[in-house]
Amino acid sequence: MVTRLYTHPIYLEHLTPVGHPERPDRLRALNKVLEDSAFDALDRTLAPPGDAATILYAHPDHYLERVREAIPDAGITRVDADTSVSPKSWEAALAAIGAANAAVDDVFTGQADNVFVASRPPGHHAERNRAMGFCLFNNAAIAARHAQKAHGAERIAIVDWDVHHGNGTQDIFWDDPSVLYCSTHQMPLYPGTGARDETGAGNIVNAPLAPQTGSADFREAFKTRILPSLDSFQPDLIIISAGFDAHHRDPLAEINLDEDDFDWATGVLLERAGKYASNRLVSLLEGGYDLKGMSLSAGAHIKRLMKG
């Protein structure tokens, strides 16, 4: 298996206020873990520049311009109670989109079997017309549309195991049966969406987890909700919104997973990608705010991608 990693120094230049959980140190911590010799075979590639036109796959033009106009010449500007931009945020966001789309190209052209994109800002809270939850543009949604438009993919599955529900991805694909959106997440918790009865056009599968639950409930949600949905849908591509804030160390939630759970979830999704999608799997970093918990969990995830 060829696993490619996309990252870029520009991601460190998307700045957030002092004390903000979504900070550049997240990527620094992951980069430190990836220095281990276990990752020597990882195909490390610089993220290419993104095409702003592809933002329109998931967001309208007026929203794109609103975000671009919010970028300050200096300092940090809030675009939402939790979401900020700094002078390099536009470049970082474009590079995150560029990497996600390049990852899709890689798995469809055979350049890689699977790809992990270590980027920021994250994306799954960005709704069609609204930045929120640390997110400006919905990277997973844009990548899914890119797969359809550039590679003729008919069925895309997005599996989101971030501890916070991906309201933005659900919003964008609410009535689109060509995209299956499956999510495990803590409930109740920000952003307040993700109930089991939120089903869209039959393509939305939410598996909320109660606070203080852990591995058994997470794996049961996969076995009874997520995996059967993937088996029925038989996607041409699986995209993972890979947040690692369901780790027991994370300060923003109360789900008690560890690195082994992310290894296991990666493995069962790789099995489905092999069965239905010619191994095509793209994973995009979302949340994870305890530096040790996030970096070790992402490391376990990447190591499992490399094993195939």
Side-chain angles (χ1 to χ4, degrees), residues 16 19-36 38-39 82 116-125 133-135 140 159-167 169 182-196 205-227 240-270 283-307:
T16 53
H20 196 282
E22 204 297 287
R23 59 207 189 275
D25 282 346
R26 298 175 65 231
L27 291 190
R28 295 188 181 102
L30 176 55
N31 290 339
K32 187 68 175 175
V33 167
L34 296 180
E35 291 176 1
D36 190 276
F39 299 98
D82 303 310
F116 183 75
V117 178
S119 64
R120 26 188 316 276
H124 75 148
H125 290 308
F134 317 158
C135 304
V159 178
D160 187 338
W161 66 47
D162 191 284
V163 81
H164 301 92
H165 181 246
N167 59 294
T169 313
C182 301
S183 176
T184 60
H185 49 275
Q186 181 180 323
M187 193 172 193
L189 191 67
Y190 179 91
T193 53
R196 288 173 68 99
V205 180
N206 286 311
L209 305 173
Q212 302 303 335
T213 55
S215 175
D217 294 276
F218 174 73
R219 297 188 187 204
E220 183 68 11
F222 260 75
K223 292 173 182 176
T224 62
R225 300 276 290 162
I226 308 303
L227 299 180
I240 303 175
S241 274
F244 299 99
D245 39 7
H247 191 278
H248 66 88
R249 293 178 56 97
D250 201 273
L252 299 189
E254 302 162 289
I255 299 296
N256 298 307
L257 303 188
D258 61 23
E259 297 92 302
D260 289 342
D261 294 306
F262 295 110
D263 173 274
W264 176 84
T266 305
V268 296
L269 293 182
L270 282 170
S283 179
L284 310 178
L285 180 63
E286 299 282 2
Y289 306 105
D290 177 83
L291 298 184
K292 183 175 181 179
M294 182 280 298
S295 58
L296 291 178
S297 297
H301 171 57
I302 295 167
K303 195 176 294 184
R304 188 65 180 83
L305 291 176
M306 295 171 68
K307 291 178 182 176

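The first residue in the sequence is number 1, and the count goes up from there. Computed from a predicted structure; not experimentally measured.
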message = If the condition is ring pair (Phe, Tyr, Trp, His ring centres under 6.0 Å), which residues does His125 pass it with, not counting sequence neighbours?
response =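 Result, ring pair (Phe, Tyr, Trp, His ring centres under 6.0 Å) vs His125: Tyr190.
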task = Identify, with sequence neighbours excluded, every residue that meets ring pair (Phe, Tyr, Trp, His ring centres under 6.0 Å) alongside His20.
result =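 His20 satisfies ring pair (Phe, Tyr, Trp, His ring centres under 6.0 Å) with Phe134 only.
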query = Under the 3.5 angstrom rule, does the side chain of Asp250 hit a backbone N or O of Leu252 as a donor-acceptor pair?
reply =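 It does hold such a pair.
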ask   = Between the main-chain N or O of Val163 and the side-chain N or O of Asp245, is there a donor-acceptor pair closer than 3.5 Å?
value =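 Checked: pair present.
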ask   = If we only count heavy atoms from C-beta on, is the Leu269 to Ile240 side-chain gap below 4.5 Å?
value =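 Yes, side chains in contact.
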query = Can you tell if the side chain of Arg225 reaches within under 4.5 Å of the side chain of Arg196, non-hydrogen atoms only?
reply =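 The answer is yes, as the side chains (C-beta and beyond) meet within the 4.5 Å cut-off.
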Mind checking side chain to side chain donor-acceptor pair (under 3.5 Å) for [X] and listing every partner two or more places apart, or none if nothing turns up?
X: His185; value: Ser183
X: Ser215; value: Arg219, Asp261
X: His247; value: Glu259
X: Thr184; value: none

message = The criterion is salt bridge (Lys or Arg N to Asp or Glu O under 4.0 Å); which residues satisfy it with Arg249, sequence neighbours excluded?
response =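 With neighbours one apart ignored, the set is Asp290.
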task = Could you list the residues that satisfy side-chain contact (heavy atoms from CB on, under 4.5 Å) with Ser241, not counting sequence neighbours?
result =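 Listed in chain order: His124, Ala140, Ile158, Asp160, Glu286.
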key: Ala210: side-chain contact (heavy atoms from CB on, under 4.5 Å) partners, not counting sequence neighbours   =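 Testing Ala210 for side-chain contact (heavy atoms from CB on, under 4.5 Å), a comparison that skips the adjacent residues, returns Thr213.
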query = Which atom names give the shortest non-hydrogen contact between Asp162 and Gly243, and what distance separates them?
reply =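 Looks like OD2-CA, 3.4 Å.
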message = Applying salt bridge (Lys or Arg N to Asp or Glu O under 4.0 Å) as the test, list every pair that has at least one member in residues 24-34; sequence neighbours left out.
response =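 Sorted result for residues 24-34: Glu22-Arg26, Asp25-Arg28, Lys32-Glu35.
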inquiry  = Taking the ring of Trp264 and the ring of His301, is the distance between their centroids below 6.0 Å?
reply    =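 No, the ring centres sit 6.0 Å or more apart.
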